[in-house]
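The structure under discussion appears below in the form of structure tokens.
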Amino acid sequence: MFREECETALAYALKKTLPEIKVETLSLSKPPNIDFGQLASSLCFEFARKLNQKPIALAEHLVRAMRKSSFSLIEKVVAAGGGYVNFHADFPKFSALVLSSVRQLNFEYGFVKTDCPVEVIVEHTSVNPLHPIHIGQARNPMLGDALARILEHRGHAVSRHYYIDDVGRQSSVVAYGYAKLGEPQPDEKADCFVGKIYTITSCIVELNRLKRALELAKTVSPSDDVAKINKDLAEWMSVAAELEEKFPALFAKLLAKIGEDENPEEEINRLNRAYEDGEPEAKRLIRKVSEMCIQGFRETQERVEVRYDSWDWESDFVWSSQVSKVLQKLQTSPFVYTEGGVLEFDAEKVACTLNLKAKLGLREDYEVPPLTLVRADGTTLYTTRDVAYTLWKFNRADRVVNVIGMEQSLAQLQLKIALYALGYSRYADNFAHFAYNLITLPGYKMSSRRGRYITFDAVLDEAVERAYEEVSKRSPQLTETEKREIANFVGVGAVRYALVDVDPSKPVIFTWDRVLNFETNSAPYVQYTHARACSILRKADRKPENADFALLKEKLERELVLAVASFPDAFIEATEYLKPNLIADFANALADKFNTFYNALPVIKAEPQELSDARIALTDAVRIVLHNALNLIGVVAPEKM
RNA sequence: GGGCGGGUAGCUCAGUACGGAUAGAGCAUCACCCUCCUAAGGUGGGGGUCGUGGGUUCAAAUCCCACCCCGCCCGCCA
């Protein structure tokens with residue numbers, strides 16, 4: 001509203017003073033400082049040269065030409081800073097408008113609905129059912145869930161999907177090991193149990209393979225190959241030593257049982273083929289292990305309140321022949337060829353033929369690598385199956401957002417190109433890969449295959465434990481139950497916030513103090529600020545019925561009103577550019593301003609009561625906006641802590 | 001070799017899509033502030049060649065070109 005009024009005023013002045021100049025867009029921007037008003041135009045700098053005048057003279061000229069009598073929300077317009085035209089809002093009116101609007105819309109404030117709501121599928125997490133979710137992967141559900149929440153609040157119909165990748169060879173590895181153990185019931189959290197079996201089995205099988213490769217290489221291959229194999233062997237031997245030390249009983253048992261097989265690798269490949277073919281015994285076994293692991297995932301996800309609308313089994317797409325149908329269709333296109341018994345997809349040819357490179361943001365001279373669709377043994381590859389899955393998704397939604405690590409960017413690009421090749425350009429246009437960078441540990445990369453990872457559960461446990469110590473220290477008067485409850489949402493909130501707060505494209509090195517931060521720029525800080533606002537309102541114990549917003553004259557108060565007023569813009573930006581981290585930053589910045597205000601000015605005891613009431617209304621608005629912002633990133637907004 | 005992402009204070013990061021006013025926070029460090037609405041807080045100090053070098057512009061952390069460093073990808077893995 002204020003923006004529109006400023007634009008109208010500026011356009012009017014321009015037309016009056018400089019009718020010969022045409023401007024398409026009057027881009028008004030937020031000045032860096034409240035003293036420069038609330039909106040500013042820098043267009044005088046652009047025209048000054050053309051008109052051979054000084055920018056400031058031009059700005060003054062424009063200001064004089066404005067029709068002041070038509071101002072409503074504008075208090076005054078000033079030429080300043082060498083050539084800016086600064087618009088100052090009429091704060092009493094502006095504050096009254098903003099604060100009453102927040103109060104009225106309450107927990108809907110800021111969630112501006114889109115003009116064209118669509119059905120959106122957000123696929124996220126999709127950790128393979130082989131081991132617990134580790135901290136490197138936990139960034140995914142935090143981002144994915146925040147995205148889903150944001151899109152939902154924008155008015156879209158959002159469906160959260162988890163893609164269970166049970167068709168890869170690793171699923172056969174863990175199922176093979178599990179069968180060797182005699183299919184025991186887990187004696188601990190199921191995904192941890194599965195994770196151990198996976199890592200140990202995988203290690204033993206790899207050692208076995210390398211040893212046999214070495215024998216072969218000694219007789220026929222050059223010494224380079226032998227050296228390479230020896231190096232790998234040494235690495236896996238050290239992994240084996242680590243695992244044997246950590247889990248001696250399980251390791252010994254798997255070693256003995258797997259040792260009974262002449263060629264474990266062959267057994268695993270056979271199981272993998274049998275599973276893709278849908279043989280009942282293979283299905284029973286692999287599904288059993290996968291389900292077990294997923295049960296563990298659900299427990300973890302429940303702790304952080306991340307839930308899914310649909311769990312989609314990759315194998316279902318293979319068995320239901322949706323994958324083979326896609327393959328058939330692709331083969332009728334001119335973009336598929338056979339080479340050495342394998343089926344290849346010529347993504348480069350598609351990109352050239354359909355003239356996609358500019359559209360996809362690729363350089364014209366960049367050659368898109370081909371994608372292998374089918375192995376020589378007839379089994380399919382991950383991306384091939386993902387094409388079928390993507391088509392299935394578009395039967396249920398208009399838009400698809402895949403939250404997948406950036407290391408899969410090429411595969412996601414090839415997938416998108418495959419959609420174009422199949423003639424589904426509308427799907428391809430509405431297909432987005434939301435890429436995020438890896439979380440690494442200081443010094444080494446997390447590796448599920450090597451069993452080197454910190455689980456998400458362990459991080460949550462530690463965070464909650466640390467939060468409990470903090471609560472006990474800071475609020476000893478609380479009951480044990482209250483402390484536990486607070487510790488939980490503070491600990492979980494801290495982790496969620498820490499993983500959403502940084503730009504997804506930045507690599508993150510995991511350190512405990514990054515996620516266990518309870519000070520400024522963290523969930524606990526924002527939560528604390530929210531609780532503080534609640535506390536004031538509780539103590540005030542009255543509705544701000546006699547508020548006089550003209551009394552909110554302090555710079556701090558005005559900055560707060562402005563921050564509250566800018567929440568809808570921040571929300572829209574976060575949604576349209578898929579940037580959940582903006583919400584975390586916004587919440588933190590608002591909390592900062594509120595705490596400064598809190599320390600500097602009394603609310604309840606302010607005199608006269610009209611001022612006190614205005615400040616109560618302001619506090620209430622801050623409370624609502626903090627609540628709404630935290631809600632978008634899945635962090636609890638507590639009334640006490 | 002090619003492609004993609006990142007490089008901003010000692011450390012962790014905002015800001016870059018859409019160029020604008022003194023480049024912002026936090027941590028750490030030093031000095032302060034609870035007879036007062038929650039001190040998980042606030043105030044103040046010190047700390048910057050915005051990777052490097054060119055270019056475009058009235059104006060560049062932001063746009064263009066080249067180069068350097070780190071990570072990822074270029075697989076009949078996922």
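The structure presented is a predicted model; accordingly, all values stated were derived computationally and were not measured. The chains referred to below are lettered A, B, ... by the order of the sequence lines, with proteins before strands, and numbering in each begins at 1. Because only heavy atoms are used, hydrogens play no part in the values below, and waters and symmetry mates are left out as well, while side chains stay in.
Taking the side chain of A:Val603 as heavy atoms from C-beta on, and the options B:rA40, B:rC37, B:rG15, the nearest nucleotide is B:rC37. Here B:rU38 is the nucleotide among B:rU38, B:rC73, B:rA14 with the atom lying nearest to any side-chain atom of A:Arg532. In this structure, of B:rC37, B:rU38, B:rC77, it is B:rC77 that holds the atom nearest to the side chain of A:Arg375. You'll find that the side chain of A:Glu573 is closest to B:rA17, out of B:rA17, B:rU12, B:rG2. Of the candidates B:rU38, B:rC13, B:rC77, the closest approach to any side-chain atom of A:Leu381 belongs to B:rC77. The side chain of A:Ile604 lies closest to B:rC37, out of B:rC13, B:rC18, B:rC37. For A:Tyr528, taking side-chain heavy atoms from C-beta onward, the closest of the listed nucleotides B:rA39, B:rG3, B:rG42 is B:rA39. Checking B:rA25, B:rG42, B:rA28 against the side-chain heavy atoms of A:Asn588 singles out B:rA25 as nearest. Checking B:rG41, B:rG15, B:rG2 against the side-chain heavy atoms of A:Tyr366 singles out B:rG2 as nearest. For A:Asp503, whose side chain is taken as the heavy atoms from C-beta onward, the closest listed nucleotide among B:rG42, B:rG15, B:rC72 is B:rG15.
Within 4.0 Å of A:Pro55, counting heavy atoms only, lies no atom of the nucleic acid at all. Using a 4.0 Å heavy-atom criterion, one finds that A:Pro369 contacts the sugar-phosphate atoms exclusively. At a threshold of 4.0 angstrom between heavy atoms, the contacts of A:Glu46 include nucleobase atoms, whether or not backbone atoms are also involved. If you check every strand for non-hydrogen atoms under 4.0 Å, A:Ser505 touches sugar and phosphate atoms only. Contacts of A:Asp166 with the nucleic acid, taken as non-hydrogen atoms under 4.0 Å apart, are absent. Contacts of A:Leu601 with the nucleic acid, taken as non-hydrogen atoms under 4.0 Å apart, include base atoms. Counting non-hydrogen atoms under 4.0 angstrom, A:Glu639 reaches a base of the nucleic acid. Nucleic acid contact class of A:Gln408 (heavy atoms, under 4.0 Å, all strands): base. Within the nucleic acid shown, A:Lys473 has no heavy atom closer than 4.0 Å to any nucleic acid atom.
Heavy-atom distances to RNA chain B give each of A:Asp513 and A:Val85 a nearest nucleotide, and the one nearer the 5′ end belongs to A:Val85. The nearest heavy atom of RNA chain B to A:Ser42 and to A:Leu362 marks one nucleotide each, and the one closer to the 5' end goes with A:Leu362.
Counting only distance, with no hydrogens or angles, the side chain of A:Glu348 and the backbone of A:Val368 share a donor-acceptor pair below 3.5 Å.
A donor and an acceptor atom never sit less than 3.5 Å apart when one is taken from the side chain of A:Asp501 and the other from the base of B:rA14.
A parallel orientation is assigned to the rings of A:His134 and A:Tyr453, their planes being inclined by less than 30° (bins at 30° and 60°). In this structure, A:Tyr198 and A:His131 have tilted ring planes: the angle between them lies in the 30° to 60° band.
Distance noted for atom P between B:rG51 and B:rU62: 8 Å (whole Å). The separation of B:rG46 from B:rU8, taken at their P atoms, amounts to 23 Å, rounded to a whole angstrom.
Salt-bridge annotation for A:Lys30 and A:Glu559: absent, with no side-chain N of the basic residue lying under 4.0 Å from a carboxylate O of the acidic one.
Between the P atom of B:rG42 and the CG atom of A:Asn521 lies a distance of 11 Å, rounded to the nearest Å.
The CD1 atom of A:Ile486 sits 12.5 Å away from atom CD of A:Glu470, with the distance rounded to the nearest 0.5 Å.
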Revision key, fill the gap. Intra- and inter-strand pairing of RNA chain B, written as dot-bracket with Watson-Crick and G-U pairs under 3.5 Å and | for the latter, reads ((((((((.[[[[.)....(...]]]].(((((.......))))).....[[[[[..)....]]]]])))))))....
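Note on A:Lys506: a side-chain N or O is less than 4.0 Å away from OP1 or OP2 of B:rA14. A:Thr372 has a side-chain polar atom (N or O) that falls below the 4.0 Å cut-off from OP1 or OP2 of B:rC76. One finds no side-chain N or O of A:Ser409 lying less than 4.0 angstrom from the OP1 or OP2 phosphate oxygen of B:rC74. Between A:Arg169 and the phosphate of B:rC77, there is a side-chain N or O to OP1/OP2 separation shorter than 4.0 Å. Between A:Tyr525 and B:rG42 there is a side-chain N or O to OP1 or OP2 distance below 4.0 Å. One finds no side-chain N or O of A:Arg449 lying less than 4.0 angstrom from the OP1 or OP2 phosphate oxygen of B:rC77.
Here salt bridge (charged side-chain N to carboxylate O under 4.0 Å, His left out) pairs that include residues 525-542 of chain A, with residues two or more places apart or in two chains, are A:Arg542-A:Asp613.
Base orientation of B:rC69: anti, the glycosidic angle falling outside 90° of 0.
Taking the centre of each ring, A:Phe594 and A:Phe597 come in below the 6.0 Å mark.
The only option from A:Gln408, A:Gln412, A:His161, A:His124 that meets the side-chain contact (heavy atoms from CB on, under 4.5 Å) definition with A:Asn402 turns out to be A:Gln412.
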